[in-house]
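Data first, discussion second: the structure below is written as structure tokens.
By convention here, the first residue in the shown sequence is residue 1. What's counted below: heavy atoms across the whole structure, side chains too, no hydrogens, waters or symmetry copies.
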Amino acid sequence: MATREIINHDGTRAKRFAVRRRLNRAILACAVLPIVAGLGVAPARAEYPDKIIKIVVPFAAGGGTDIIARTTAQEIQTDLGKSVIIENKPGAGTIIGTQTVATSEPDGYSLLMATFAHAVNPSLYNKLPFDPHKDFAAVSLIARSFNIVVVNPASKINSIADLITEAKANPGKLNFGTFGTGTSAHLAGELFNSMAKVKMTAVPYKGAAPAISDLLGGQIDVMFTTVASAASLVAAGQLRALAVTSAERSAAFPQLPAVAEAGVPGYAAESWYGLYAPAKTPAPVIARLNQAVAKAVQSGAFKQLEANEGLIMVGSAPEELDRYVRQEEDRWRKLVKDANIEVQ
């Protein structure tokens, strides 16, 4: 299309339409620029973590799980550069604390220190307020551990053989403390009942600490407790250790026999500690937490726990925790059914 030309008063030529088009484009650009600046550029996302992280422990403070959780928090906060705090929410066989995390925002700031009960509760309850797999994202299996059989030093029970003899002589009268129905301390005791052909009565508590307090006070007779919750008391002479629940003797307690060699062939039970986040937590956040845990379990604090308390440090990939827990579910489901274990 031809461009119409005019002659200005000063005699110069100008292309009127071309000038108008350039002017219109300039005006449009000025109008659109603020919109692009306001809507076209998203604000930068803060790098994780940028605030305090909380680890929920579904047991009372002072027990073995609490010790592991606090050591984990202490170590990973150094690597992550943000404070990591512990929130103890005991009750209902770990369900209260576990549900708290299941319903939390999937942003990596609310985590769960899960234990043996996480794998056993599906067998104990017809319906849980969460799904142990669908509602959680695995971070890492931190450590595995056997339990330790302990009694009050004033007890006349000095060995596993004594425990069997006493239990057979008084069916149902000996009490063993647990830190909740379906916890490792509970099922280790029930496995002992089954394999030693005795009948001891389980007494549930809201954590290892209150159960051990009653053991020290003579209100209960024996515990199949976590090593982390009892090792220091054994060392101080406040509790007497009879055996470990691992398949073989532990290098951490070479003086103690395994239950299997002390009178119950084939017996073995272990506890474990795994870190979870809510389902749908972003993969980069899970990866960052997993990296921090893998570094933490190599720390001096964890090496001390490993040496003193027989912990087996793991620091696994997320998928390995998921696989391990599914194996644990399968392993204990039969005992729960055969022992007719029910939640009161």
Side-chain angles (χ1 to χ4, degrees), residues 54-74 85-102 110-121 124-125 128-130 132 142-152 175-190 200-234 236 238-239 241 245 269-276 305 309-311 332 341 343-344:
K54 174 180 65 181
I55 298 177
V56 173
V57 176
F59 296 102
T65 305
D66 189 60
I67 292 170
I68 299 300
R70 291 180 188 278
T71 305
T72 300
Q74 171 188 313
I85 63 172
I86 300 299
E87 181 177 347
N88 296 92
K89 293 187 75 68
T94 75
I95 290 175
I96 292 175
T98 303
Q99 186 179 12
T100 297
V101 178
S110 290
L111 308 175
L112 172 70
M113 184 58 71
T115 64
F116 186 89
H118 199 72
V120 176
N121 278 344
L124 295 173
Y125 297 87
L128 290 169
F130 53 80
I142 295 174
R144 294 166 37 231
S145 176
F146 51 83
N147 285 17
I148 186 168
V149 187
V150 292
V151 296
N152 188 297
N175 297 322
F176 70 96
T178 80
F179 25 93
T181 300
T183 57
S184 65
H186 179 204
L187 293 196
E190 294 292 358
M200 298 187 297
T201 301
V203 180
Y205 291 83
K206 292 184 177 180
I212 288 175
S213 178
D214 271 8
L215 181 62
L216 292 171
Q219 283 76 38
I220 54 176
D221 301 297
V222 62
M223 280 188 70
F224 294 72
T225 192
T226 57
V227 176
S229 66
S232 61
L233 295 171
V234 170
Q238 294 177 271
L239 289 176
T245 66
E270 69 177 19
S271 54
W272 53 270
Y273 309 92
L275 194 65
Y276 283 90
L305 288 177
E309 301 177 8
L311 288 176
W332 293 103
I341 299 172
V343 178
Q344 300 299 320

Exercise. Any chance you could measure Leu112, atom CG, to Ile55, atom CD1, to the nearest 0.5 Å?
Key: 9.5 Å

Quiz item: Can you find a heavy atom in the side chain of Ser184 that is under 4.5 Å from one in the side chain of Trp272?
Solution: no

Quiz prompt | Thr94 side chain reached by His118 side chain, heavy atoms, under 4.5 Å | solution = no

Practice problem: Grab the two heavy atoms, one from Thr245 and one from Ala269, that are nearest each other, plus how far apart they are. | Solution: OG1-O, 2.6 Å

Quiz item: Hey, does Thr115 have a side-chain heavy atom less than 4.5 Å from the side chain of Phe59?
Solution: yes

Quiz item: Do His186 and Phe176 have side chains that get closer than 4.5 Å, going by heavy atoms?
Solution: yes

Practice problem: Starting from the C-alpha separation in whole Å, work towards a yes-or-no answer on side-chain contact (heavy atoms from CB on, under 4.5 Å) for Ile68 and Leu305. | Solution: CA-CA 9 Å; Ile68 299 300; Leu305 288 177; 4.0 Å; yes

Exercise. With the side chain counted from C-beta on, respond yes when Asp221 and Val151 share a heavy-atom pair under 4.5 Å apart, and no when they do not.
Key: no

Quiz item: What pairs of residues pass the side chain to side chain donor-acceptor pair (under 3.5 Å) test when at least one of them lies in residues 201-213, not counting sequence neighbours?
Solution: Tyr205-Asp214

Quiz item: Which distance, rounded to the nearest 0.5 Å, do you find between the CG of Leu311 and the CZ of Arg144?
Solution: 11.0 Å

Quiz prompt | Separation between CZ of Phe130 and OG1 of Thr100, rounded to the nearest 0.5 Å | solution = 10.0 Å

Quiz item: Is any side-chain heavy atom of Tyr276 closer than 4.5 Å to a side-chain heavy atom of Val101?
Solution: no

Exercise. Evaluate the side-chain proximity of Ile341 to Leu187: yes if any heavy-atom separation is below 4.5 Å, no if none is.
Key: yes

Quiz prompt | Exercise: identify the closest heavy-atom pair between Gly97 and Pro58 | solution = CA-CB, 4.2 Å

Quiz item: Say you draw a straight line from CG of Leu215 to CG of Asn175; how long is it, rounded to the nearest 0.5 Å?
Solution: 11.0 Å

Quiz prompt | Shortest non-hydrogen contact from Phe224 toward Ala188 | solution = CB-CB, 3.9 Å

Quiz item: What is the minimum heavy-atom distance between Ala208 and Gly64, and which atoms define it?
Solution: CB-N, 4.2 Å

Quiz prompt | Donor-acceptor under 3.5 Å (Gln238 side chain, Ala236 main chain) | solution = no

Exercise. May I ask you to test the Thr72-Tyr273 pair for a side-chain heavy-atom distance under 4.5 Å?
Key: no

Quiz prompt | side-chain contact (heavy atoms from CB on, under 4.5 Å) between Val150 and Leu233, intermediate numbers included | solution = CA-CA 10 Å; Val150 292; Leu233 295 171; over 6 Å; no

Quiz item: Looking only at heavy atoms, which two atoms of Asn152 and Gly218 are closest? And how far apart?
Solution: ND2-N, 4.0 Å

Exercise. Indicate the atoms forming the closest heavy-atom contact of Ile148 with Ala241, along with that distance.
Key: CD1-CB, 3.7 Å

Exercise. Mind checking the CD1-OG1 spacing from Ile220 to Thr178? Nearest 0.5 Å is all I need.
Key: 8.5 Å

Quiz prompt | Set of residues satisfying side chain to side chain donor-acceptor pair (under 3.5 Å) with respect to Ser229, sequence neighbours excluded | solution = Thr225, Thr226

Quiz item: Atom CD1 in Ile67, atom CD1 in Ile86: separation rounded to 0.5 Å?
Solution: 12.0 Å

Quiz prompt | Donor-acceptor contact present, side-chain Asp66 to main-chain Val57, <3.5 Å | solution = no

